[in-house]
Protein chains: 2
Amino acid sequence: MGYKYNKEEILEVGYQVIRKNGYHHVGINQILKEAGIPKGSFYNFFESKEDFAKQVIQYYGEGNRKWLKGIFKDSKETPINTLKSFYKLLIDYNEEDNFCSGCLINNMGNETGRLYDSLAEETKEQFDQWLDLIADVVGKGQELGEITKRYSAKEIANYLHSGFYGTFFKMKVDRSRKDMDTWLHMTFEFIKA
Amino acid sequence: MGYKYNKEEILEVGYQVIRKNGYHHVGINQILKEAGIPKGSFYNFFESKEDFAKQVIQYYGEGNRKWLKGIFKDSKETPINTLKSFYKLLIDYNEEDNFCSGCLINNMGNETGRLYDSLAEETKEQFDQWLDLIADVVGKGQELGEITKRYSAKEIANYLHSGFYGTFFKMKVDRSRKDMDTWLHMTFEFIKA
DNA sequence: TTTAAATTAGACCAATTGGTTTATTTTTAA
DNA sequence: TTAAAAATAAACCAATTGGTCTAATTTAAA
């Protein structure tokens, strides 16, 4: 294996460019150009464009999972504030990025979720794995009496992250974090015990 | 003006096919084929694909605005239940559609909001006009003491509709209304006075 | 050291992309 | 009734799409 090119490097390029431009707006040739590889090598690594996208989703999902784990483990705050700081951090990142891209998982789910079964499946899988990590923190918050027990930890985690995805629409057409900040404030008022 | 083809009919075709497949995944030729018009006529009506999409967004936004007004005016329920029934109706429609498409405005905003200024502007405009109508009902609910006054009617309307958009991601990758129903239940618990 | 397999390389392919052009027909206004 | 304008029609365009093919090179195993 591993001759000249590194598969992860190609996936990283794919992640960047697909996250920003979407799946159908990006051609294989653009990936080749930005990754600096010839077509033969690309199709040596990946069966098709769809297979490539699937692996990009997987790569991004796994990378973020590790990052999430670290953040939650190292947090010095209480569970509810850990979560609030986490979403604030995501908003900050999107601001640094000039609100250009949003989340690859959300973008792919909305653009291709009903078009390609393999991508829907992979997208759902990565999202669900994130949700498990978030639900862990929610559960701890519930035990401490910080977060409402009227809904399960998983339901609240899903409410949080799906709700956060909902703010990307306005972020992109408004090019502002205003509504995201309002969402953060309102949501964390709503879910507290 | 009005010779052989009807512009609204072309916009309706464009709405259907772009809502389902996205902007970049749909070519002009597909529109021509489904609308049964030659290319010359298309470019007589529309300057470009981008201009066409912009008019599709406008057409859909205005049509829905009229529909919304009617629904809210005819409602026999209290404001908060009017809103809850409205979102339940939207979920029902998406189920009938087999969860295939979601909302054109949300799809376009996420796919093209940071790629084409004209589409972002039009998308935002139509969304904001819907929000005004929803905020009216929220405001009445606040006056009646049904809905929390901790946030403005506009903020709550935005929280509702953006939150609803957030549920489309899971709807599409999960092909189910389960999370939408949970969202509906939780959200209307949260916003009540 | 030889051989088979994996990888790299990019020319090549048919199909499609958004858009233009030219010609014809239809409508409107003078 | 005629001329100008508007609309219809589709052939045509260069550029790009995802993907294949053949050849050369590199690596690993025998």
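Lettering follows sequence order; numbering is per chain, from 1.
- Relative to the six-membered ring of B:F99, B:K170 misses at least one condition, a distance below 6.0 Å or an angle of at most 45° to the axis.
- Following rounding to the nearest Å, A:I28 (CD1) and C:dC13 (C1') show an atom-to-atom distance of 16 Å.
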Step by step, would you call B:D97 with A:R114 a salt bridge (Lys or Arg N to Asp or Glu O under 4.0 Å)? CA-CA 11 Å; B:D97 185 43; A:R114 279 321 305 257; over 6 Å; no

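- Surrounding CD of A:E121 are at most 12 heavy atoms belonging to other residues, nucleotides or ligands under 6.0 Å away.
- As rounded to whole Å, 15 Å separates atom P of C:dT7 from atom CZ of A:F42.
- Following rounding to the nearest Å, B:I37 (CD1) and D:dA6 (P) show an atom-to-atom distance of 19 Å.
- Applying the 4.0 Å criterion to OP1 and OP2 of D:dA6, one finds that B:N44 has every side-chain N and O outside that range.
- Residue B:K4 places its side chain closer to D:dT8 than to any other of D:dA10, C:dT8, D:dT8.
- The base of C:dG19 lies outside donor-acceptor range of the side chain of B:K49, with no N or O pair under 3.5 Å.
- Among C:dT8, D:dT17, D:dA11, the nucleotide with an atom closest to any side-chain atom of B:K39 is D:dA11.
- A:N6 has its CG atom 13 Å from the P atom of C:dT7, to the nearest Å.
- Relative to the six-membered ring of A:F46, A:K54 misses at least one condition, a distance below 6.0 Å or an angle of at most 45° to the axis.
- For the pair B:K7 NZ and D:dA7 P, the computed distance is 10 Å after rounding to whole Å.
- One atom, OH of A:Y116, and another, P of D:dG18, lie 10 Å apart when rounded to the nearest Å.
- The nucleotide whose nearest atom lies closest to any side-chain atom of B:S41 is, among D:dT8, C:dG18, D:dT20, D:dT8.
- Regarding B:L32, its CG atom lies at a distance of 11 Å from the P atom of D:dA10, rounded to whole Å.
- Distance from the side chain of A:Y43 is smallest to D:dT20 among D:dT20, C:dT8, C:dG18.
- Inspection of the B:H24 and A:H24 side chains reveals no N or O donor paired with an N or O acceptor under 3.5 Å.
- If you check every strand for non-hydrogen atoms under 4.0 Å, B:G40 touches a base.
- Residues A:Q30 and A:E47 both approach DNA chain D. Their nearest nucleotides, taken by heavy-atom distance, put A:Q30 toward the 5′ side.
- We find that CD of A:E9 is positioned 12 Å from P of C:dT8, with the value rounded to whole Å.
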